[in-house]
There are 2 protein chains.
Amino acid sequence: MTATLSKTRLEFIEAGGRLWQLLGLPRSTGQIYGLLHLSPKPLSLDEIAALLSISKASASTGTRQLISWQAIRQVWVQGDRRDYFESVADLREVLRTAYHTFFKPKMEKTEDRLELLLATLEAEHKSGDITKDEYDFCAKRLGGIASLQDKLTKVLPLAEKFL
Amino acid sequence: MTATLSKTRLEFIEAGGRLWQLLGLPRSTGQIYGLLHLSPKPLSLDEIAALLSISKASASTGTRQLISWQAIRQVWVQGDRRDYFESVADLREVLRTAYHTFFKPKMEKTEDRLELLLATLEAEHKSGDITKDEYDFCAKRLGGIASLQDKLTKVLPLAEKFL
DNA sequence: CAATTCGTTCAATTACAATTGAACGAATTA
DNA sequence: TAATTCGTTCAATTGTAATTGAACGAATTG
């Protein structure tokens with residue numbers, strides 16, 4: 001069986017693939033999401049692979065990625081032992097979990113790293129490895145980054161409320 | 001002459017490289033920015049290449065990228081015909097131009113693409129290529145995307161004010 | 001219980017982007 | 001004007017991530 005897709009859905013998949021790609025995520029993963037998001041009914045792994053002309057292996061890894069980001073979910077169709085997938089309809093939900101699983105952890109890591117960096121700088125200052133001028137300059141720049149970082153962590157979660 | 005960098009600056013460069021990398025930008029470009037941002041004085045292309053142990057070609061393309069994003073600027077040192085570079089101190093400024101040169105155009109492109117997609121869908125509907133149900137479903141999903149897209153374009157520029 | 005069906009894993013391949021060396025033109029210097 | 005110096009470009013290389021085919025275990029079916 002060679003199911004075909006409407007032009008709209010084909011173009012949407014194409015667009016989804018490119019959009020995700022420029023966010024640094026694999027194109028095929030974006031295509032899977034695009035396919036599912038415009039699909040009225042859940043699709044199986046084999047259907048996904050066939051419709052997108054990708055290997056089943058890619059379909060498998062792609063769906064697992066999307067599930068880990070909670071962009072799609074697995075659904076069970078009674079009387080069928082295959083796995084079926086459907087997209088999470090509410091995109092705001094997807095954005096929210098993306099923030100919590102992607103950005104937030106990264107922000108926190110950056111915060112820690114900055115702390116360490118400031119400590120290193122202090123140490124270098126005390127032991128006389130760097131001049132007072134270099135110390136002052138670096139401290140100022142690092143402070144600027146910390147300040148922005150701080151504000152971002154406060155503003156971003158707030159922005160969510162407006163969506 | 002083999003100038004050396006303080007530990008702080010080395011680690012900062014390292015961190016900058018990785019940070020930019022996970023935003024999908026070339027590591028070496030991030031390293032150049034890190035180097036310049038903690039450098040009290042402007043640096044020439046050769047200095048950048050030497051300090052980071054990268055080729056001059058990479059330094060050249062990297063700096064040009066950073067300039068196009070207005071993350072660094074070119075400064076002239078009198079009596080020296082070489083190009084010197086320094087980072088833009090105010091990171092909010094960098095963020096702002098990043099928004100305008102990166103995200104905004106992409107958002108607009110997405111908007112246009114959505115319009116086209118909706119038109120295609122209408123056409124398919126009218127010509128009877130797709131069922132009423134498929135039309136309704138796709139229209140709903142596309143509408144949801146358009147709505148989110150719309151809100152994002154309104155909220156993001158606003159968030160800037162809080163930084 | 002042999003034969004399918006299904007999903008996953010992994011080594012190998014492929015595709016893509018980053019990096020470089022070498023060559024070049026323009027500007028500067030001796 | 002010959003020799004340097006400087007920055008850029010580009011073909012070729014390198015490195016990295018995505019993709020795949022083949023093999024596998026588990027579950028299901030005849």
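This one's a predicted model, so the numbers in the text were calculated from it and none came from an experiment. Residue numbering restarts at 1 for every chain, and letters A, B, ... go by the order of the sequence lines.
Close to D:dC6, at under 4.0 Å from its OP1 or OP2, lies no side-chain N or O of B:Arg81.
A:Tyr84 pairs by the ring pair (Phe, Tyr, Trp, His ring centres under 6.0 Å) definition with nothing, not counting sequence neighbours. In this structure A:Phe85 satisfies the ring pair (Phe, Tyr, Trp, His ring centres under 6.0 Å) test with no other residue, sequence neighbours excluded.
Computed from coordinates, the B:Leu45 CG to C:dT20 P distance equals 14 Å when rounded to whole Å. The distance from atom OH of B:Tyr84 to atom P of D:dG7 is 9 Å, rounded to the nearest whole Å. The distance from atom CZ of A:Arg82 to atom P of C:dT4 is 17 Å, rounded to the nearest whole Å. As rounded to whole Å, 6 Å separates atom P of C:dC6 from atom CG of A:Asp46.
Nucleic acid contact class of A:Ser28 (heavy atoms, under 4.0 Å, all strands): sugar-phosphate only.
The pair B:Arg82-B:Asp46 does not count as a salt bridge, with every side-chain nitrogen at least 4.0 angstrom from each carboxylate oxygen.
Checking A:Lys140, A:Glu124, A:Glu122 one by one against A:Tyr135, the side-chain hydrogen bond (donor to acceptor under 3.5 Å, both in side chains) holds for a single residue, A:Glu122.
Checking C:dC6, D:dC6, D:dT19 against every side-chain atom of A:Arg27, the shortest atom distance belongs to D:dT19.
Side-chain contact between B:Glu86 and B:Leu36 is absent, with no heavy-atom pair separated by less than 4.5 Å. Looking at heavy atoms from C-beta onward, B:Leu95 lies out of side-chain contact with B:Glu160 at the 4.5 angstrom threshold.
Of all nucleotides present, only D:dG30 satisfies the Watson-Crick or G-U wobble test against C:dC1, with each distance under 3.5 Å.
Shown for residues 54-80 of chain B: residues whose heavy atoms fall under 4.0 angstrom of DNA chain C, namely B:Ile54, B:Ser55, B:Ala57, B:Ser58.
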